[in-house]
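Structure first, commentary second.
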Amino acid sequence: MARRSRGRLALVGAALAAVTAGLLPAAAAAGPGGRGGEHRPSDRGLSAVIRYTEYGVPHILADGYADLGFGTGWAQAADQVCVLADGFVTVNGERSRHFGAAGAPDGSLSSATSNLSSDLYFRGVKEAGTVEELLRTPAPAGPSRELKELMRGWAAGYNAWLRKNRITDPACAGAAWVRPVTALDVARRGFAVSVLGGQGRAVDGIAAARPPAAPAARTREGDVDPERTAEAARALFAPENATMGSNAVAFSGATTANGRGLLLGNPHYPWQGGRRFWQSQQTIPGELNVSGASLLGTTVVNIGFNDKVAWSHTVATGVPMNLHQLTLVPGDPTAYLVDGKPERMTARTVTVADRDGTPVTRTQWWTRYGPVTSGLGASLPLPWTATTAYALNDPNAANLRGSDTALGLARARSTRDVAEALRRTQGLPWVNTIAADSSGHSWFGQSQVLPRITDELAERCSTPLGRVVYPASGVAVLDGSRTECALGSDRDAVQPGIFGPSRMPVLRDAPYAVNSNDSAWLTNAERPLTGYERVFGTLATPRSLRTRGGIEDVAGMAARGRLTVADLQRQQFANRVPAADLAAADVVAACPAALPAEPEACRVLAAWDRTMDSDSRGALLFDRFWRKFTAAVPAARQWKVPFSAADPVRTPRGLDTGAAGFATALADAVTELRTAGIALDAPLRDHQFVVRGGERIPVSGGTESLGVWNKTEAVWNAAGGGYVEVAHGTSHVQAVGWDGGRCPVARTLLTYSQSSDPASPHHADQTKLYAGERWVTSRFCERDILRSPALKVVRVRD
């Protein structure tokens, strides 16, 4: 270890010497968004060297984890200080004070629909010392020493950037709410990300839950309708309704040109707000060397690659929470029965200040299972009556290990190491992992922190509501009055009440492993995964069009073989529309009868190339029709040939053009475009775009319902010219392989670019690349970093 430490110091020292000696471009050159220059440290100060290459990608070189965190915090602040500062206001429960109680967060750290409910929840977490307790928990159940060092360094780097630079982003320049942070703030942000799928979904319900005012009230049949609640829960957790998603595929060496693995990662995340990615390379010589993307405010690379392994994540179908239905003590709605004995709820009284200083005080109610909630969003109310209340169990509220998982993946040398890192840390709350390595192995695992809801437990302990809701949605509603309905533990789980790694779906060394946000079942259509519990996802049920199209594409690629990184790049921008391949011919055949007065529309649809390329003519007309048709016609009535589990990729099929709503949807789409002054055969680029710096930048890709791999969920504004912004969709893309050399072969794209500051040269540069379907050639090895014509070196110190 001493030799390794000396080696690391020597490498870092050499880099610093090169900077100081002027062998590299002037270290005093400013990084993005800052004045740059050297800052003399105290003897105990933290430091790092940041080398910027094309498109503002920082390569952060440090001697240890605290220094690496320092450089990462500095560099993230330089690009995203306003977004980061906004998030720290959120996790400290101070949004009402600065932005008004009635305002709303950006949705990146919870589902709260108002600043007030967000503040009440996060202030409650803060005052309860929840995160402090997790930080005190020894590893592996708690965070590692390295992660704590990263968080300490990240806070110091962020603060140092604030002290030494002027903010130019108008979103927060001069704002009082931009303030220094602590390592605890960084950890609180990590906690918020961890509970996004559990408590984070119920923030409004937790903040609003109140005991019934009328003690005589009784639960009536129909207060919670099981069928309606089941459908609401299914919709709440359905991938097609999510604001996040992803595609990822790993190919084994059996399918590639050189016998080495390949990975294409294509997350679909928001284009605005705090749930965006940011690119970097993190290096501690001899210890860590990883490149990829981090969620803003995190200290590690969340998806990425090193010289031996590449991995990505896709949002999983596992439901990371469950409900316990409480039987209340007669006459006392804040006490509940467990095995016939009363147990009191714990009251958490929380006070937050509104913008005018007016205090707002609310009481939250907590149980042995978790907080009482009045619902999971507006569509899924869970009324608290005199006899019944619902408590939410979120195992990720005890999980601050996600970044340790990322560190384990970053240090992996093979897919075997990937599996071991996931087994050891068990930190991923709501994603799958897909990986490939330079030896030709592929790997998929749904290694989530999930409540240990076995199908047997659900059968034995579901309430009448749960017996309907669980099969439909995976949300278990268990009888909270019986200790025999406790979740129990797996011997290989790092915390009680969750599944251990041996219970999770895994696929090793398949020719391809692909996921597009459906369950693990068809990760490889020739090797379906079975045997997992319902809480992980469904088996033998219809797949989304994006899943079906993705399987067709990657299975065809695997069958052709001789694959290279260039094939991954072509797949990303193929922009094929699976909905059109299934339905366009039927639409064209039925069009003359449905639109007798609109022959032009029929001609346009017949001539359309069935892609969502920016130059495609007819794409916009089909897109607007398809949205209207699928919204008006239930899924079971859209197709003539129903779903068959024996043929899940090719069914359902055969569009039912006789369905009520077909002709209306087609006519309405034509009318909509004509009313907006949009030609029916207008190229997509003219009407699907984003505006950056006053410039229209066309965006290709298509919506979830169309099944396009290159997903684009855009904001429709006919008066503004069509789709005028992207809400969420393709975000950080990486196509990675190996050629036998020391450096990975990697191409990347950050679709919305590195910086939120309109004054930054990296505010829209990669967005323009994305519009032109061009890629960034990753500079991973030192020689490639130092040869960058855009190289800019910043030596940062505390």
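Under 3.5 Å, the side chains of D354 and S96 contain no donor-acceptor pair of N or O atoms. The closest side-chain donor-acceptor pair between S118 and N115, if any, does not fall under 3.5 angstrom. Looking only at atom types and distance, the side chain of H763 has no donor-acceptor partner in the side chain of D765 under 3.5 Å away. Remark: the S756 side chain and the R276 side chain contain an N/O donor-acceptor pair separated by less than 3.5 Å. Residues Q272 and E725 have side chains that bring a donor and an acceptor to within less than 3.5 angstrom of each other. No side-chain N or O of D757 forms a donor-acceptor pair with one of H762 less than 3.5 Å apart. Between N266 and N710, the side chains place no donor N or O within less than 3.5 Å of an acceptor N or O (distance only, hydrogens not considered). Of the N and O atoms on the side chains of T314 and N432, at least one donor lies less than 3.5 Å from an acceptor on the other residue. A donor atom on one side chain and an acceptor atom on the other are not found under 3.5 Å apart for Q364 and Y121.
Screening V736, I434, V514, V733 against L264 for a side-chain contact (heavy atoms from CB on, under 4.5 Å) leaves a single residue, V733. Here the rule is side chain to side chain donor-acceptor pair (under 3.5 Å) with D204, and of S374, S114, S117, S111 only S117 fits it.
Between the side chain of D518 and the backbone N or O of S544, at least one donor-acceptor pair lies under 3.5 Å. For the pair Q448 (side chain) and G318 (backbone), a donor-acceptor distance under 3.5 Å is present. Between the side chain of Q734 and the backbone N or O of W311 there is at least one donor-acceptor pair closer than 3.5 Å. Panel note: side chain N399, backbone S194; no donor-acceptor pair is recorded below 3.5 Å. Of the possible donor and acceptor atoms, none in the side chain of R152 sits under 3.5 Å from a partner among the backbone N and O of A183. Listed for the T751 side chain is a donor-acceptor partner under 3.5 Å among the backbone atoms of T730. Although no hydrogens or angles enter the test, the distance criterion places a donor-acceptor pair under 3.5 Å between the side chain of N517 and the main chain of V315. With hydrogens and angles ignored, the 3.5 Å screen pairs a side-chain donor or acceptor of R546 with a backbone N or O of S246. Under the 3.5 Å distance criterion, the side-chain polar atoms of N322 are left unmatched by any main-chain donor or acceptor of P451. Between the side chain of S753 and the backbone N or O of T767, at least one donor-acceptor pair lies under 3.5 Å.
For E704 and R627, the salt-bridge test fails: no basic side-chain N is under 4.0 Å from an acidic carboxylate O.
Taking the centre of each ring, F689 and Y723 stay at or above the 6.0 Å mark. In this structure, the ring of F70 has its center no less than 6.0 angstrom from the ring center of Y158. W177 and F88 have their aromatic ring centers separated by at least 6.0 angstrom.
Nearest approach of R188 to E132, heavy atoms of both residues: NH2-OE2, 3.3 Å.
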| message | side-chain contact (heavy atoms from CB on, under 4.5 Å) for F536 and L450? Distances and angles first, verdict last. | response | CA-CA 8 Å; F536 283 90; L450 293 179; 3.5 Å; yes
